[in-house]
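Taking it in order: structure first as structure tokens, then the write-up.
Labels below follow one simple rule: chain letters A, B, ... track the order of the sequence lines, proteins then strands, and each chain is numbered from 1. All of these numbers come straight from a predicted model, not from anything done at the bench. Only heavy atoms go into these numbers, but all of them, side chains included; no hydrogens, no water, no symmetry mates.
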Protein chains: 2
Amino acid sequence: MHEVAELAGVSRMTVSRALNHPEKVKEKVRQRVFDAVSQLGYVHNHLARSLSSSKSNVIGLVLPSLENSIFSATVKAISDVLRPAGFQLMLAESSDDPKDEEIVISNFLAQRVAGLVLHSTRHSPAAIRMLRGANVPVVENGDMPVDPIDMVVSYSNRAAAKAMTLHLARMGYSKIGFASLANPRATERQLGYLDALAEAGLAPDPRRIVNVSRGFGGGAEAIAHIEHVAPDTDALFCAGDVLAVGALLECNRRGWAVPGRLAIASFDDLDLLRHVNPAITALRLPRAEIGRRSAEMLLARIFEREIPVQSVDLGFEIVQRASS
Amino acid sequence: MHEVAELAGVSRMTVSRALNHPEKVKEKVRQRVFDAVSQLGYVHNHLARSLSSSKSNVIGLVLPSLENSIFSATVKAISDVLRPAGFQLMLAESSDDPKDEEIVISNFLAQRVAGLVLHSTRHSPAAIRMLRGANVPVVENGDMPVDPIDMVVSYSNRAAAKAMTLHLARMGYSKIGFASLANPRATERQLGYLDALAEAGLAPDPRRIVNVSRGFGGGAEAIAHIEHVAPDTDALFCAGDVLAVGALLECNRRGWAVPGRLAIASFDDLDLLRHVNPAITALRLPRAEIGRRSAEMLLARIFEREIPVQSVDLGFEIVQRASS
DNA sequence: GAGAATTTTGATACCGGTATCTTTTTGAGT
DNA sequence: ACTCAAAAAGATACCGGTATCAAAATTCTC
């Protein structure tokens with residue numbers, strides 16, 4: 001920057017101003033500075049800027065898993081809001097482990113991120129202490145937490161799972177099974193499923209509740225489990241990722257009629273669900289909207305604008321299709 | 001840090017050393033420093049560290065699209081290598097537009113990233129100039145480029161597409177179609193497809209080459225195109241993402257026998273391809289390995305270790321399944 | 001136990017910007 | 001032309017660390 005200043009015949013301060021608040025510098029001088037910048041190929045140093053002004057332009061995002069395609073819509077939406085505002089996105093993975101998340105958060109704080117998005121609502125006490133102490137805007141995403149750290153943009157896993165289960169019950173299914181992964185969000189969903197059974201007057205049956213592994217294979221596991229342990233199950237609510245597709249494909253393979261032999265419903269409305277045969281009934285969750293709102297709320301907080309609400313429940317929608 | 005130093009009764013320099021090179025500080029003093037750190041909840045400032053030492057611990061990653069699940073394996077692998085080494089990942093999207101990429105790169109350079117991974121081999125001249133000038137280690141990923149900026153870890157789109165097309169030809173298909181998106185990698189793949197036709201002595205037929213849109217819908221578009229324009233096509237090579245699945249599902253819907261009426265092959269071996277019926281023949285690309293090696297090469301360069309090769313072609317593998 | 005070699009600690013400058021306050025320039029009003 | 005307020009530019013200190021070299025403490029040698 002020093003060289004730019006010399007070449008333009010002004011002080012470093014003027015260069016800084018020309019770059020950050022062009023309107024504060026006279027047209028002629030500004031032009032000289034810009035010329036010098038491009039002539040020297042000068043690249044602004046955001047590190048120094050952030051350090052000096054204690055204002056960073058990086059937002060940290062913590063996801064449970066980097067491999068899960070479900071999050072890509074959220075990431076994309078966040079990035080789309082952040083970029084025009086001149087912010088960068090930093091990414092890390094918590095593996096749904098509060099201890100890992102704590103490390104990741106502490107790294108982000110060390111980078112002096114301007115804000116954080118956490119796709120998780122379970123945090124270690126130390127992590128919460130750090131975040132509260134750091135006075136950094138935080139948005140939580142994965143669920144509606146009981147005791148939010150700061151801001152929240154999400155839907156309620158429990159409410160959504162309950163709604164879908166009730167929907168199945170209303171369609172006449174009475175032996176509804178539940179398949180999910182083992183993570184905090186799945187646990188909430190299971191509670192919602194049980195809520196719904198109770199409300200519909202159906203007896204919960206542990207035989208119909210199954211934990212499976214990730215991916216399409218998990219869906220097949222669920223079907224195998226049902227055949228083995230509770231063959232009279234008439235509907236299966238797959239509360240995770242691509243489980244429903246895996247289950248459907250496995251049914252196709254076995255020649256089970258869907259929904260005749262077994263109805264299938266999914267927790268998340270992947271594009272794929274519309275294209276398989278039969279198309280799968282699903283909960284549509286506002287993944288992109290969550291990202292957009294999260295980023296907007298962060299920016300509002302960073303620029304010290306008023307934010308209307310601290311906590312936004314974006315809800316969900318049931319999309320009834322042929323599989324149920 | 002000043003307060004930590006006071007509380008521990010040492011100089012700031014000693015605190016810095018205790019944190020960065022613990023072995024350079026006497027056991028007793030080190031302990032006092034650590035105690036002070038945790039007592040005060042001190043969070044190291046990486047910004048200041050990077051500025052002062054001109055060594056950043058952030059790696060920039062530029063992807064063509066943040067929505068595409070294909071990249072998640074690569075991202076995950078990069079992150080897994082970077083994290084233990086104390087590096088953070090910064091993410092941005094180029095939309096396959098060299099101009100957008102240029103902006104993103106310039107932002108990353110402004111953040112003084114320690115290294116860059118570019119999942120693209122098409123760059124604007126200005127971007128190349130910046131990168132060469134910045135003296136930052138760069139790995140390119142999406143293809144084997146003719147004129148690499150620095151390091152390369154990839155496979156060759158052209159070679160892979162050629163291999164798959166030849167594979168289909170050898171299996172006896174002679175009217176092979178090609179469906180792809182419109183992006184630089186797809187263009188290379190099309191060249192490979194044409195290479196193969198020439199080598200197999202098959203006449204290329206523009207009616208069998210179709211550009212489609214992203215997602216499962218694109219596969220359906222391809223099938224519709226074939227029925228309309230070149231119904232005698234006996235095999236379709238889908239050179240992009242989930243196209244093959246979309247095509248297969250559309251065939252199922254129409255009752256076309258696969259591979260009887262039309263064989264289908266995919267460019268990328270998504271997990272899904274193994275689970276649909278029939279399972280789809282595919283090119284297996286070393287997505288995770290690419291991420292791992294890219295990150296390792298960057299780290300090697302950053303730590304000034306010798307790197308054995310500048311350019312790594314990790315190749316590909318043809319997985320023959322029921323769809324062809 | 002003196003002196004040399006080595007290890008540990010500290011003092012100081014600087015990384016590359018911006019905040020803040022001061023000085024200079026500009027220009028409007030009379 | 002002169003005054004004075006406002007706008008533009010500059011001087012200086014500092015953001016929070018680390019590099020570097022000097023000083024102090026420790027260990028080793030004979």
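Contacts of B:His2 with the nucleic acid, taken as non-hydrogen atoms under 4.0 Å apart, are absent. Contact annotation for B:Ser54: no contact, since no heavy-atom pair falls under 4.0 Å across all strands.
Salt bridge annotation for A:Arg301-A:Asp150: present, with a cationic side-chain nitrogen under 4.0 angstrom from a carboxylate oxygen. Salt bridge absent: A:Glu188 and A:Arg185 never bring a charged side-chain N and a carboxylate O closer than 4.0 Å.
When the nucleotides D:dA9, C:dT9, D:dG10 are ranked by their closest atom to the side chain of A:Val29, D:dA9 comes out on top. With distances taken from any side-chain atom of A:Asn45 to the nucleotides D:dG17, C:dG17, C:dG10, the minimum falls on C:dG17. Relative to the side chain of A:Arg12, the nucleotides C:dG17, D:dG17, D:dA9 differ in distance, and C:dG17 lies closest. Listed nucleotides D:dG17, D:dG10, C:dG17 differ in distance to A:Met13; the shortest reach to its side chain belongs to D:dG10.
Atoms CZ (B:Arg30) and P (C:dT8) sit 9 Å apart, rounded to a whole Å. Atom pair B:Glu23:CD and C:dT9:P shows a separation of 12 Å (rounding to whole Å applied). Across the protein-nucleic acid pair, A:Asn20 atom CG and C:dG16 atom C1' stand 13 Å apart, rounded to whole Å. Atom NZ in B:Lys24 sits roughly 16 Å away from atom P in C:dG10 (whole-Å rounding).
Listed by first and then second residue, the ring-ring contact (aromatic ring centres under 6.0 Å, His included) pairs that reach into residues 65-95 of chain B are B:Phe71-B:His119, sequence neighbours excluded.
Within the 4.0 Å cut-off from OP1 or OP2 of D:dC14, not a single side-chain nitrogen or oxygen of A:Ser52 is found.
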